[in-house]
Amino acid sequence: MHDYNNPDLNHLNQGTQPLDRLEVFGNWDAVPLGWYALCPTKEIQKNKIKTYKIMGQQIVVWRDSEGDTHALDAFCPHMGLNLAQGKVEGKQVRCKFHGWRFNDKGSCTHIPCAESPKKTSKVQSYATEEQYGMIWIYPEELAPRPVFIPHDLRGKKLDWWHMKPLKRKCHPHAPMINGIDAQHVKAVHDINIVPEGSIRMRDEDTLEIYLGSEIPNGTTLMGKLARWFLGPYYAYINSFVDGNIALLNTVKDVKLFGKWKAPECNIIYSIQYRERGESNILPICVTEKRNGLLSTLRTKSVLLLTKIGFEVLKNDEGDEFFEDLRFRHDNLLAEFDRPIETLIEFLNSKPLSKWSTNQRKAIIKTEKMSKSSLSQTMDC
Ligand code: FES
């Protein structure tokens, strides 16, 4: 069964408008490897443990007495209590139900009523990192690289503002196309976006799509203000990192009032969902943190400018399309939809994590098991 976007729409028109299932893009079963923003750092104090859902996975995360964070699958391997009900002991966590204790690698280190812990009693552990005021989780014990930082900001001190999460009743991959959908920008906003010759791999994990447009001599106040403030030309870059982080770098190569180079504004989006059927995209405005009174003012001004840009984009007419969309990809136009096609190919090439599920396989396995238990019962 096809399961893009809003699952409520999945079953409709299957006879007349069947859809193919893609390997990763829009596929709820496929969870690409990459860093996912789990919660604000301040939510987990020292010696506290909490539980979260991320990409259909129940996780516990705790902060030990030295301030380091650790994450495990939530359910105790003994009888399945959520470990968040337990307590933190140094770097370890103890389950409340029967007192089994687990270290930060997920190994059982103590069972109160047994002399030695069962070697098989292991919980999956995950790499964590704190960046942009968030705790991030990687769906493997070790992460191959740190959380993504925009190339221009690497090696610099960072400042950030968290924006309100964008919640949509669709798979989070669908809204990712909004900024690179040239036909939509023309049809809805009457702006000519020019995507030609502007797609490249920045490094092995980052797809970069550079888009530019002339700011039309609009009749609306906003259009006039935009042209007066930003000049006649506007460009921005959408970057896609792994399968789950997007970076919008706005006002690229723009001169304010046609004279002064505008500061570049970066919005990082953690592309994710908590549970199937509802995406939960976390936008974070990021810039270089500068010291000194005037420099701090400049830093905050850039963040404010980014936030204003974000609010304008958020109220972008057309966002509501994603509430009522069963995305399909087989009629894209090579001339205009090349960025979208490239993004879909890019995502479909991403390696999957162990959070991916194959429910069909699970159902078949269950059916086989029940058949074999049935035959055993009949043999008896
Ligand atoms: S359920 Fe956790 S120790 Fe028994």
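Fair warning: this is a prediction, and the values are worked out from it, not measured in the lab. Values reported hereafter were calculated over all heavy atoms of this structure, with side chains retained and with hydrogens, waters and symmetry mates removed. Atoms within each ligand, like the ligands themselves, are counted from 1 in listed order.
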After noting the C-alpha distance and the side-chain angles of Lys46 and Asp64, does the key distance pass the salt bridge (charged side-chain N to carboxylate O under 4.0 Å, His left out) rule?
-> CA-CA 6 Å; Lys46 275 187 184 172; Asp64 65 30; over 6 Å; no
Could you go through the side-chain hydrogen bond (donor to acceptor under 3.5 Å, both in side chains) check for His171 and Asn27 one step at a time?
-> CA-CA 8 Å; His171 192 284; Asn27 185 340; over 6 Å; no
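- Here is the list of ligand 1 atoms found below 4.0 Å of a heavy atom in Cys95: 1 (S), 2 (Fe), 3 (S).
- Counting atoms of ligand 1 from 1 in the listed order, those under 4.0 Å from a heavy atom of Trp100 are 3 (S).
- Taking OG of Ser279 as the start and NZ of Lys167 as the end, the distance is 9.0 Å to the nearest 0.5 Å.
- Protein heavy atom nearest atom 1 (S) of ligand 1, with residue, atom name and distance: Met79 N, 3.3 Å.
- For the residue pair Arg94 and His110, a side-chain donor N or O sits within less than 3.5 Å of a side-chain acceptor on the partner.
- Put simply, the side chain of Tyr138 does not reach to within 4.5 Å of the side chain of Ser353, judged on heavy atoms.
- Distances from atom 4 (Fe) of ligand 1 show that His78 has an N/O/S atom below 2.8 Å.
- Closest to atom 4 (Fe) of ligand 1 among all protein heavy atoms lies His98 ND1, 2.0 Å.
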